[in-house]
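Single-structure report; data block below.
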Amino acid sequence: MASPGTAMITGITGQDGSYLAELLLDKGYRVVGLHRRSSTVTFERITHLMDRLTLLPADLLDEASMIRVLREHEPREVYNLAAQSFVQTSFVQPVLTGEVTALGVTRLLDAILLTDPTIRFYQASSSEMFGKVVEVPQTERTPFHPRSPYGVAKIYGHWITVNYRESYGLHASSGILFNHESPRRGLEFLPRKVAFSAAAIKLGMQEKVKLGNLDAQRDWGYAPDYVRAMWLMLQQDAPDDYVVATGKTHSVRELCDLAFSHLGLRWEDHVEVDEQLLRPAEVDLLIGDPKKARTVLGWEPEVGFEDLVRMMVDADLKALRTAGS
Ligand code: NDP
Ligand code: GDR
């Protein structure tokens with residue numbers, strides 16, 4: 001079989017970047033990953049792949065750094081996963097969030113236009129764009145009403161992708177992905193915070209965990225399932241937008257209940273509400289309709305909510321036990 005060529009991933013050091021790199025390497029791609037300079041090593045999630053990846057310094061804030069990599073490595077596919085991705089942070093760093101998560105997309109699209117407009121492009125759009133939802137469930141046609149600077153920035157990234165597709169004929173697709181998690185999720189996001197804390201409490205390493213809004217509802221899926229959808233989008237003849245979700249929603253309370261009860265604990269004994277963790281504006285309910293992804297891409301999620309939460313708790317329990325011994 002012919003080699004699929006080179007794929008470039010921005011945000012390769014993040015949760016999705018690491019799973020997408022695994023998927024593409026397994027499919028025979030040469031994978032080029034961009035990482036930004038930092039004073040400490042950020043390769044924790046891709047350590048096991050290091051000898052199979054080409055890692056290069058570049059930043060979404062610096063267009064020339066991306067042009068240089070595109071010229072030298074000539075990827076056939078570019079996956080833009082880099083972003084300031086934490087909603088809470090976007091309230092205190094709204095301008096930085098806009099520079100990276102919104103304008104960063106334009107810089108990368110321009111870099112592609114200048115080097116090779118036949119490159120296929122994936123943009124990591126988000127269910128946060130639906131925000132204060134105007135219909136349930138949300139589809140590709142549901143109007144947006146963002147509730148955070150992050151959501152606003154993602155809408156810009158989404159529409160500039162659509163605009164460059166329509167203006168310049170780029171094969172640019174946008175995946176409107178709902179929350180997806182894994183044992184590699186950053187510790188600040190709710191499901192990982194809860195999984196890690198439940199494990200630490202079980203092992204007697206901490207007693208309580210402070211959370212914010214317990215009533216929010218999310219459509220939570222498994223990250224490796226979702227990166228498969230990204231790749232499928234770029235294999236289509238025509239670029240398009242797709243909602244990627246499970247079609248089921250659960251509350252923060254349900255998630256806590258599942259994680260703690262898996263370890264024989266009562267979440268009510270350990271979770272405290274901290275008002276500091278409430279957001280200035282909240283997204284109360286998200287539930288996606290993945291019908292188009294199912295029918296056009298043939299995409300199906302393989303891991304459900306219960307298995308996902310148990311997997312994350314088990315992974316943190318194991319990691320903490322190993323660290324402890
Ligand atoms: P992460 O936060 O785990 O990873 C974000 C990545 O972006 C990291 O590699 C980070 O690098 C990199 N990055 C941040 N700023 C810059 C910059 N200025 N230049 C270059 N790289 C930068 O996010 P996820 O993997 O969870 O998500 C991937 C993408 O999908 C993001 O765009 C996110 O907004 C979006 N998304 C995520 C969803 C989810 O549920 N996970 C749902 C919908 C959309 P570093 O390691 O140095 O910090
Ligand atoms: P979200 O994910 O904001 O949906 O964005 P997060 O896991 O941070 O929050 C989910 C919900 O849980 C509530 N919550 C808490 N959240 C955090 N992080 N910490 C807490 O202590 C806490 N207590 C309650 C939140 O208020 C919220 O309602 C994620 C990111 O990955 C985005 O990049 C992505 O675009 C969207 O998912 C889809």
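All heavy atoms count here, side chains included; hydrogens, waters and symmetry mates do not. Throughout, numbering of the chain's residues begins at 1 and tracks the sequence. Just so you know, ligand 1 is whichever comes first in the structure, and atom 1 is the first atom listed for that ligand. Fair warning: this is a prediction, and the values are worked out from it, not measured in the lab.
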Polar contact flag for [X] and ligand 1 (N/O pairs, less than 3.5 Å):
X: Arg36; result: yes
X: Gly14; result: yes
X: Asp59; result: yes
X: Phe189; result: no
X: Ser127; result: no
X: Ser85; result: yes
X: Asp16; result: yes

Whether Asp62 and Arg37 form a salt bridge (side-chain N of Lys/Arg under 4.0 Å from carboxylate O of Asp/Glu) is what I want to check.
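Salt bridge: no.
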Less than 4.0 angstrom from a charged side-chain N to a carboxylate O is my criterion; do Glu300 and Arg294 meet it?
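Counted as a salt bridge, because a side-chain N and a carboxylate O are separated by less than 4.0 Å.
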Can you tell which of Ile12, Thr13, Leu60 gets a heavy atom nearest to atom 20 (C) of ligand 1?
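When every heavy atom of Ile12, Thr13, Leu60 is considered, Leu60 comes closest to atom 20 (C) of ligand 1.
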Could you name the option among Ala83, Ala82, Ala58 that has the heavy atom nearest to atom 14 (C) of ligand 1?
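The nearest heavy atom belongs to Ala83.
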Report the part of [X] in contact with ligand 1, treating N, CA, C, O as backbone and CB onward as side chain, heavy atoms under 4.0 Å; options are side chain, backbone, both, neither.
X: His35; answer: neither
X: Gln15; answer: both
X: Val100; answer: side chain
X: Lys154; answer: side chain
X: Phe86; answer: neither
X: Ser125; answer: backbone

Using the ring of each side chain (for Trp, its six-membered ring), is [X] parallel, tilted or perpendicular to [Y], with breaks at 30° and 60°?
X: Phe86; Y: Phe189; result: perpendicular
X: Phe178; Y: Phe130; result: tilted
X: Phe43; Y: His35; result: perpendicular

Against Tyr222, only a single residue in Glu302, Met311, Glu181 fulfils side chain to side chain contact (heavy atoms under 4.5 Å, CB included); can you say which?
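It is Met311, the one option of Glu302, Met311, Glu181 that forms the side chain to side chain contact (heavy atoms under 4.5 Å, CB included) with Tyr222.
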Working to the nearest 0.5 Å, report the span between CG of Leu25 and CZ of Arg52.
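One finds 4.5 Å between CG of Leu25 and CZ of Arg52.
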Provide the number and element of each atom of ligand 1 under 4.0 Å from a heavy atom of [X].
X: Ala124; value: 29 (C), 30 (O), 32 (O), 35 (C)
X: Leu177; value: 42 (C), 43 (C)
X: Asn179; value: 40 (O)
X: Ser126; value: 43 (C), 44 (C)
X: Tyr150; value: 33 (C), 34 (O), 35 (C), 36 (N), 44 (C)

Could you tell me which non-hydrogen atom of Arg147 sits nearest to which non-hydrogen atom of Glu282, and how far apart they are?
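Here Arg147 and Glu282 meet closest at NE-O, 2.9 Å.
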Check Pro239 against Ser173 and note the closest heavy-atom contact, atom names and distance.
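Here Pro239 and Ser173 meet closest at CA-OG, 3.3 Å.
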[X] atom [atom1], over 12 foreign heavy atoms within 6.0 Å:
X: Lys248; atom1: NZ; value: no
X: Lys208; atom1: NZ; value: yes
X: Gln276; atom1: CD; value: no

Just to verify, which of Arg279, Lys154, Arg218 counts as forming a salt bridge (charged side-chain N to carboxylate O under 4.0 Å, His left out) with Glu128?
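Option passing the salt bridge (charged side-chain N to carboxylate O under 4.0 Å, His left out) with Glu128: Arg218.
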Between Arg192 and Ser182, is there a side-chain donor-acceptor contact under 3.5 Å, judged purely by atom types and distance?
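Looking only at side-chain atoms, Arg192 and Ser182 do not form any donor-acceptor pair under 3.5 Å.
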Exercise: do Arg30 and Thr6 side chains pair donor with acceptor under 3.5 Å:
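Indeed, the side chains of Arg30 and Thr6 share at least one donor-acceptor pair under 3.5 Å.
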At a 4.0 angstrom heavy-atom cut-off, what protein residues surround ligand 2?
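Protein residues near ligand 2 are Ser85, Phe86, Val87, Ser126, Ser127, Glu128, Tyr150, Asn179, Arg185, Glu188, Phe189, Leu190, Pro191, Lys193, Lys210, Leu211, Gly212, Asn213, Ala216, Arg218, Val252, Leu277, Arg279, Glu282.
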Closest protein heavy atom (residue, atom, distance) for [atom]:
atom: atom 31 (C) of ligand 1; value: Leu81 O, 3.1 Å
atom: atom 6 (C) of ligand 1; value: Gly11 CA, 3.7 Å
atom: atom 40 (O) of ligand 1; value: His180 N, 2.9 Å
atom: atom 26 (O) of ligand 1; value: Arg185 NH1, 3.3 Å

Steps toward side chain to side chain contact (heavy atoms under 4.5 Å, CB included) verdict (Trp231, Tyr122)
CA-CA 8 Å; Trp231 175 77; Tyr122 173 82; over 6 Å; no
Check residues 89-101 and write down every donor-acceptor pair under 3.5 Å in which the side-chain atom is one partner and the other belongs to a residue at least two apart or another chain.
from	atom 1	to	atom 2	distance (Å)
Ser90	OG	Val87	O	2.6
Ser90	OG	Tyr150	N	3.1
Thr97	OG1	Gln84	NE2	3.1
Thr97	OG1	Gln93	O	2.7
Glu99	OE1	Arg107	NH2	2.7
Thr101	OG1	Gln84	N	3.1
Thr101	OG1	Gln84	O	3.2
Thr101	OG1	Thr97	O	3.2

When Ser174 is tested against each of Gln123, His158, Glu140 for side chain to side chain donor-acceptor pair (under 3.5 Å), which residue passes?
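The single option meeting the side chain to side chain donor-acceptor pair (under 3.5 Å) with Ser174 is His158.
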